[in-house]
2 protein chains.
Amino acid sequence: MDEFEQYLRTRTDLNDGDINYILSLAIHKHLRRNEFLLREGEVCRYKIFVTKGLLRTFGTAADGSEHVLQFAPEHSWTLDVESYDRQQPAHSNIAAIETSEVLLWPKTDFDNLLSTLPQLKDLSLQLISRNIYNSRQRILTALSATPEEKYQEFIQSFPNLLTRLPLHMIASYLGISIKTLTRIRQAQLRR
Amino acid sequence: MDEFEQYLRTRTDLNDGDINYILSLAIHKHLRRNEFLLREGEVCRYKIFVTKGLLRTFGTAADGSEHVLQFAPEHSWTLDVESYDRQQPAHSNIAAIETSEVLLWPKTDFDNLLSTLPQLKDLSLQLISRNIYNSRQRILTALSATPEEKYQEFIQSFPNLLTRLPLHMIASYLGISIKTLTRIRQAQLRR
DNA sequence: CCAAAATATGGTCAAATGACCTTTTTTCCC
DNA sequence: GGGAAAAAAGGTCATTTGACCATATTTTGG
């Protein structure tokens, strides 16, 4: 997958041999719109890298409503951390929003790669650190921002996703009703 | 610090020598109520372990309001991840709620420990994984739960903190007004 | 290209929430 | 122990938000 080679080249100094080796262990998978990669209760067996398309990770609340935890567009990683780390049943779902292409590494293979390739490990740690920071930021926003501020922040953070996502998923990500989101957008048009 | 020895003994198989070595690199610090360990804009230089007392980490929103990101009681770790990892200015504050005792390791020292002691590294990775999972859970709750549900969940998760925290900090942690929290508690008494 | 489904907008209304204020109670610390 | 400060509770009111409904618009996949 050129996409992935490109990705690794720009952020690590892994050589061609290593990159090819990493790729050789990956399972290539094509996903149609709305196809699931992981369902609640299943074990998240793979590290997932999105080469093309767009995935979403979402949880289900007590009342059955779905809430988007993360969007994963091309060139990003995703998984259910807890489930993957311990190979236990997951509490979240991962599904394709657009037709997508992903690379999958079984945990044992990826663990081997991590212990063999320090550059890959460094990259992993960076991603984890970023993940934790992003989560904190999101919690802070969820706690303190008004719906309008949340939407503005979303636009700032993901300008490229704006046109690719149905509004109700954005609302779900922001934790507001679609009605409120529509109202905000109307108010903005009038300015 | 007995507290810390105890902690390490119960979750790793580090031997006495290792534990003493880890402890020998730690700075012991006493904190009074409301004393700050980190302020926004400063660099988070240390890994922090709380041996006694209770700390809080909080962020400041655009309008100046404070929002609690984490409570760290005795036997828990805390820090500003992003700031610590990159030794850059922090976006959050850490302060003592109760009179507390903490152990501090400068990043370089702790990094050395991590590369020397695989058991410590394993523990770290576990903590990180848990951290990420907790964050997800908290985001999901923030997005989907009613104030009452949030409070119930808080009681479930931190029964021991309930009596130690002023209500306005719980409200701040849950992202609801103190008024709403008071109302919920009144409603519960009447049952 | 077309029918069906998904998505977005709009209207109305009740309820929940926060802002602002005062009063009561508790805690702190000298 | 006592005075000051902090915390909790209570009252009132305007506003925001979501639920529920219908309708218009767009997208999708065969």
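Lettering follows sequence order; numbering is per chain, from 1.
Recorded end-axis angle for the helix from C/dC1-D/dG30 to C/dC30-D/dG1 stands at 80°, based on five pairs per end and rounded to 10 degrees.
First and last contacts of DNA chain C with chain A, using any nucleotide atom under 4.0 Å from a protein heavy atom and ordered 5' to 3', fall at C/dT7 to C/dT12. Note that the first and last nucleotides of DNA chain D, 5' to 3', having any atom under 4.0 angstrom from a heavy atom of chain A are D/dT17 to D/dG29.
Between B/R183 and B/I178, the residue whose closest nucleotide on DNA chain D is further toward the 5' end is B/I178. Comparing B/R33 and B/T180 by the nucleotide of DNA chain C whose heavy atom lies nearest to each, the residue mapping closer to the 5' end is B/T180.
Residue B/L174 comes nearest to B/Y151 through the heavy atom pair CD1-CA, 3.8 Å, listed as atom of the first residue, atom of the second, then distance. Between A/L69 and A/G59, the shortest heavy-atom distance links the atoms CD1-N, 4.0 Å. Considering every non-hydrogen atom in both B/A26 and B/H28, the closest pair reads O-CD2, 3.6 Å.
Judged purely by distance below 3.5 Å, without hydrogens or angles, the side chains of B/S83 and B/Q88 never pair a donor atom with an acceptor atom. No side-chain N or O of B/E40 forms a donor-acceptor pair with one of B/H91 less than 3.5 Å apart.
Proximity of residues 59-70 of chain A to DNA chain D (heavy atom under 4.0 angstrom from any strand atom) is not detected for any residue. If you check residues 155-169 of chain B against DNA chain C, you find no residue with a heavy atom closer than 4.0 Å. Only B/I176, B/S177, listed by number, bring a heavy atom of residues 170-177 of chain B to less than 4.0 angstrom from any atom of DNA chain C.
Every residue meeting the salt bridge (charged side-chain N to carboxylate O under 4.0 Å, His left out) condition with B/D111, not counting sequence neighbours, appears here in chain and number order: B/K107. The salt bridge (charged side-chain N to carboxylate O under 4.0 Å, His left out) test applied to A/R183 returns no partner, not counting sequence neighbours. Residues satisfying the salt bridge (charged side-chain N to carboxylate O under 4.0 Å, His left out) test with A/D63, not counting sequence neighbours, are none.
Evaluation of the side chain to side chain donor-acceptor pair (under 3.5 Å) test over residues 168-177 of chain B, restricted to residues two or more places apart or in two chains, returns B/S177-B/T180. Sequence neighbours left out, the pairs with a member in residues 64-88 of chain B that pass salt bridge (charged side-chain N to carboxylate O under 4.0 Å, His left out) are B/R56-B/E66, B/E74-B/R164, B/E82-B/R86.
Look at B/R9 and B/D16 and you find a salt bridge, because one of the NZ, NE, NH1 or NH2 atoms lies within 4.0 Å of a carboxylate O, short of that distance.
Summarising the hydrophobic clusters (Ile, Leu, Val, Met, Phe, Trp, Tyr; side-chain heavy atoms under 4.5 Å, direct or chained), the residues clustered with A/L37 are A/I27, A/L31, A/L38, A/Y46, A/I48, A/V50, A/L55, A/I94, A/V102, A/L104.
A parallel orientation is assigned to the rings of B/F49 and B/H75, their planes being inclined by less than 30° (bins at 30° and 60°). The aromatic rings of B/F154 and B/F158 are tilted relative to each other, their planes meeting at an angle between 30° and 60°.
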Can you list the steps and then say if A/T51 with A/E101 is a side chain to side chain donor-acceptor pair (under 3.5 Å)? CA-CA 5 Å; A/T51 51; A/E101 304 283 340; 5.3 Å; no
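Contact annotation: the side chain of B/P147 approaches that of B/I184 to within less than 4.5 Å [non-hydrogen atoms, C-beta and beyond]. Counting heavy atoms from C-beta on, the side chains of A/V81 and B/Y133 never come closer than 4.5 Å.
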